[in-house]
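Nothing here was measured: the structure is a model prediction, and the numbers come from that model.
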Amino acid sequence: MATHADIADRFAQEAGKPDANLLLARSGNVFVSGEGNRTLYSYGKHFPLVHLMLDRQGSRSWWLLNGDTYSVSTARHQAITRNACKRTGLPMLTVPFSCLTEAGILKDTIEPVDVEPERWDTSAHVVDSIENVPSSAVYTAKKLSDGRYEYRTYRHWLGAALFRATYRVSGRELGAYFLSAFDEQETTPHYFLCELPGDARPRTVRDAFLALKPPEVVAAEAAGVICTRQGDVFAVPTRLTTRELAKLTPKRERGAHVLHLSHKATEVAIADDGTTYARGVLHHAPFESWRRPEHRRRPMGDRRTWHVLVKNTVPVDSLGRSRAWSRGGNVD
């Protein structure tokens, strides 16, 4: 009977070819279905593992892998599939399919522009007894001289990617550039997918990150000024004193949300022209009661200097919602 690895290997070698000779699993745990037999699934159609992308001539071109996570067994299926696709030599792009769905992106329109290599992180752990070693690491755990046990865990990080795609919203189909990456300044890098501004023409992932900076930040950094960022909020230091700020707006609030976003600052003042000033510390405060903060607190300079707050350049939809999506820790 064909193993999961056999099915994945045969799929990687045969998918997209005329009269492809694919293997079927009796259990149905890993199977091929739909779209010309170009998609491999784990346990059901709710979780695609990989989709084969074709070029304009209909030939095998590259692999679109699902970066979402679901369960331990599905994670094993993902590792098997990833390795099988690597062996074909075709380019690979890994993006959480859940984010593609939320963005309305049509998968077969995706065109990679720049894809950075994936990476693996290794962590060592020491526990008092073998019973405290996870079952997946029991056979590789080492007993130390003091009687404790050391084992290692491995974390796969998908590579940052810039791509162009068509997305559907309100019955219309529009084209845009998208950045799939991690916010590396968080304690645990935080995944996000976002649409880039319409006038952006990035050619690299680095270009895409730069395109997310508003003009105020670009100008300040060019002058050697250090700005602060938390998620999609930038803080640009000013030379305003509190007395000078009071002439612009006498009203100040403590712990208020800023820019109609899920971020608060220690002290906030909004001028008549709508400019938002703040000082102290930025902290993430989602409006939804069920949602936990996703960004660590960020002091703004010396905490006494007033800063102008500006949002990044990610476009907003017709309802004023940012065209950006995150998946917290649920990313491979």
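- Side-chain atoms of S123 do not come within 3.5 Å of backbone N or O of T153 as any donor-acceptor pair.
- A heavy-atom distance below 4.5 Å is found between the side chains of P96 and Y191.
- Criterion: ILVMFWY side-chain heavy atoms under 4.5 Å apart, direct or through other members. Under it, Y167 and L106 are not part of a common hydrophobic cluster.
- Between A20 and E14 the shortest heavy-atom distance is CB-O, 3.2 Å.
- Taking H295 as the reference, E186 meet the side chain to side chain donor-acceptor pair (under 3.5 Å) condition, with sequence neighbours excluded.
- Atom CD1 of I80 sits about 9.5 Å away from atom CG of L49, to the nearest 0.5 Å.
- Remark: K86 NZ is packed, more than 12 non-hydrogen atoms of other residues, nucleotides or ligands lying under 6.0 Å away.
- Alongside M300, the hydrophobic cluster contains V233, V258, L259, L261, V268, I270, L282, L309 (criterion: ILVMFWY side chains under 4.5 Å).
- Under the 4.5 Å side-chain criterion, counting only non-hydrogen atoms from C-beta, F234 is not in contact with T228.
- No more than 12 heavy-atom neighbours from other residues, nucleotides or ligands sit within 6.0 angstrom of CD1 on I226.
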Let's go through S42 and Q78 carefully: what are the C-alpha distance in whole Å and the side-chain angles of both, what is the deciding distance for side-chain contact (heavy atoms from CB on, under 4.5 Å) to 0.1 Å, and is it a yes or a no? CA-CA 8 Å; S42 174; Q78 288 178 288; over 6 Å; no
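- Taking the six-membered ring where the residue is Trp, H284 and H263 present tilted rings, their angle falling between 30° and 60°.
- Within the 3.5 Å criterion, the main-chain N or O of L52 finds a donor-acceptor partner in the side chain of R38.
- Between T249 and Y277, the side chains place no donor N or O within less than 3.5 Å of an acceptor N or O (distance only, hydrogens not considered).
- Within 6.0 Å of NE2 in H46 there are more than 12 heavy atoms belonging to other residues, nucleotides or ligands.
- No side-chain donor-acceptor contact under 3.5 Å links R243 to the backbone of L240.
- Proximity of a side-chain donor or acceptor of D68 to a complementary backbone N or O of S98 within less than 3.5 Å is detected.
- Using a 4.5 Å heavy-atom threshold, the side chains of P215 and V217 count as separate.
- Scanning all heavy atoms of the two residues, the minimum distance from T81 to V50 falls at CG2-CG1, 3.5 Å.
- Closest heavy-atom contact between A141 and I130: CB-CD1, 4.4 Å.
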How far apart are the C-alpha atoms of R321 and E102, what are their side-chain angles, what is the distance that settles it, and do they pass the salt bridge (Lys or Arg N to Asp or Glu O under 4.0 Å) test? CA-CA 12 Å; R321 297 172 302 192; E102 288 194 29; over 6 Å; no
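- Side-chain contact, H156 with E118: a donor N or O sits under 3.5 Å from an acceptor N or O.
- Panel note: side chain S180, backbone A161; no donor-acceptor pair is recorded below 3.5 Å.
- The structure places CZ of R155 at 8.0 Å from CG of D121, a figure rounded to the nearest 0.5 Å.
- R10 contributes a side-chain N or O that, together with a main-chain N or O of N21, makes up a donor-acceptor pair within less than 3.5 Å.
- Hydrophobic clustering (side-chain heavy atoms under 4.5 Å, transitive across Ile, Leu, Val, Met, Phe, Trp, Tyr) groups F178 together with V95.
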Check the pair R201 / Y177 against side-chain contact (heavy atoms from CB on, under 4.5 Å), numbers first and verdict last. CA-CA 8 Å; R201 295 295 181 270; Y177 285 96; 4.2 Å; yes
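- Proximity of T74 to Y43: side-chain heavy atoms (C-beta onward) are separated by under 4.5 Å at one or more points.
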Verdict with supporting geometry, F163 and I105, side-chain contact (heavy atoms from CB on, under 4.5 Å): CA-CA 11 Å; F163 62 88; I105 293 174; 4.1 Å; yes
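- When all heavy atoms are compared, the tightest approach of S322 to K311 is OG-NZ, 3.7 Å.
- Both V314 and V113 belong to a single network of hydrophobic side chains, linked directly or stepwise wherever heavy atoms of I, L, V, M, F, W or Y lie under 4.5 Å apart.
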Apply side-chain contact (heavy atoms from CB on, under 4.5 Å) to residues T140 and R152 and explain how you reach the verdict. CA-CA 8 Å; T140 56; R152 297 181 181 275; over 6 Å; no
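- Clustering ILVMFWY residues whenever any of their side-chain heavy atoms sit less than 4.5 angstrom apart, transitively, puts V316 in a cluster other than the one holding L212.
- A heavy-atom distance below 4.5 Å is not found between the side chains of F31 and L22.
- Among all heavy-atom pairs drawn from L196 and P202, the shortest one is CD1-CG, 3.7 Å.
- In this structure, V205 is not a member of the same hydrophobic cluster as V115, with clusters built from ILVMFWY side-chain heavy atoms closer than 4.5 Å.
- Formation of a donor-acceptor pair under 3.5 Å by the R303 side chain with backbone atoms of V281 is not found in this model.
- Judged purely by distance below 3.5 Å, without hydrogens or angles, the side chains of S129 and E131 pair a donor atom with an acceptor atom.
- With contacts defined as side-chain heavy-atom distances shorter than 4.5 Å, the pair R76/H4 does not qualify.
- Atom CG of L162 and atom CZ of R206 lie 14.0 Å apart (nearest 0.5 Å).
- Heavy-atom neighbours of R291 CZ from other residues, nucleotides or ligands within 6.0 Å: above the threshold of 12.
- Contact between L245 and A269 at its shortest, heavy atoms only, is CD2-CB, 3.9 Å.
- At distances below 3.5 Å, at least one donor-acceptor pair connects side-chain atoms of T109 with backbone N or O atoms of T166.
- A donor-acceptor contact under 3.5 angstrom links the side chains of T242 and R279, judged on distance only.
- Atom CZ of residue F192 and atom CH2 of residue W325 lie 12.0 Å apart, to the nearest 0.5 angstrom.
- Residues F97 and H51 keep their aromatic ring centres 6.0 Å or farther apart.
- The backbone N or O of A12 sits less than 3.5 Å from a side-chain atom of R60, completing a donor-acceptor pair.
- Legend: residues meeting side chain to side chain donor-acceptor pair (under 3.5 Å) with D199, ordered by chain and number and at least two apart, are absent.
- The neighbour count for R304 CZ, taken as heavy atoms of other residues, nucleotides or ligands under 6.0 Å away, does not exceed 12.
- With respect to the salt-bridge test (charged N to carboxylate O, under 4.0 angstrom), the residues R229 and E221 do not qualify.
- For an aromatic pair to be called close, the ring centres must be under 6.0 Å apart, and H257 with F287 satisfies this.
- A distance of 10.0 Å separates CZ of R296 from OG1 of T188, quoted to the nearest 0.5 Å.
- In this structure the side chain of F47 never reaches within 4.5 angstrom of the side chain of S71, judged on heavy atoms.
- Under the 3.5 Å distance criterion, the side-chain polar atoms of T313 are matched with a main-chain donor or acceptor of A211.
- In this structure, Y70 places its OH atom where only 12 or fewer heavy-atom neighbours from other residues, nucleotides or ligands lie under 6.0 Å away.
- Residues L40 and I7 meet the side-chain proximity criterion, which asks for heavy atoms closer than 4.5 Å.
- Rounding to the nearest 0.5 Å gives a distance of 12.0 Å between CH2 of W62 and CG of D55.
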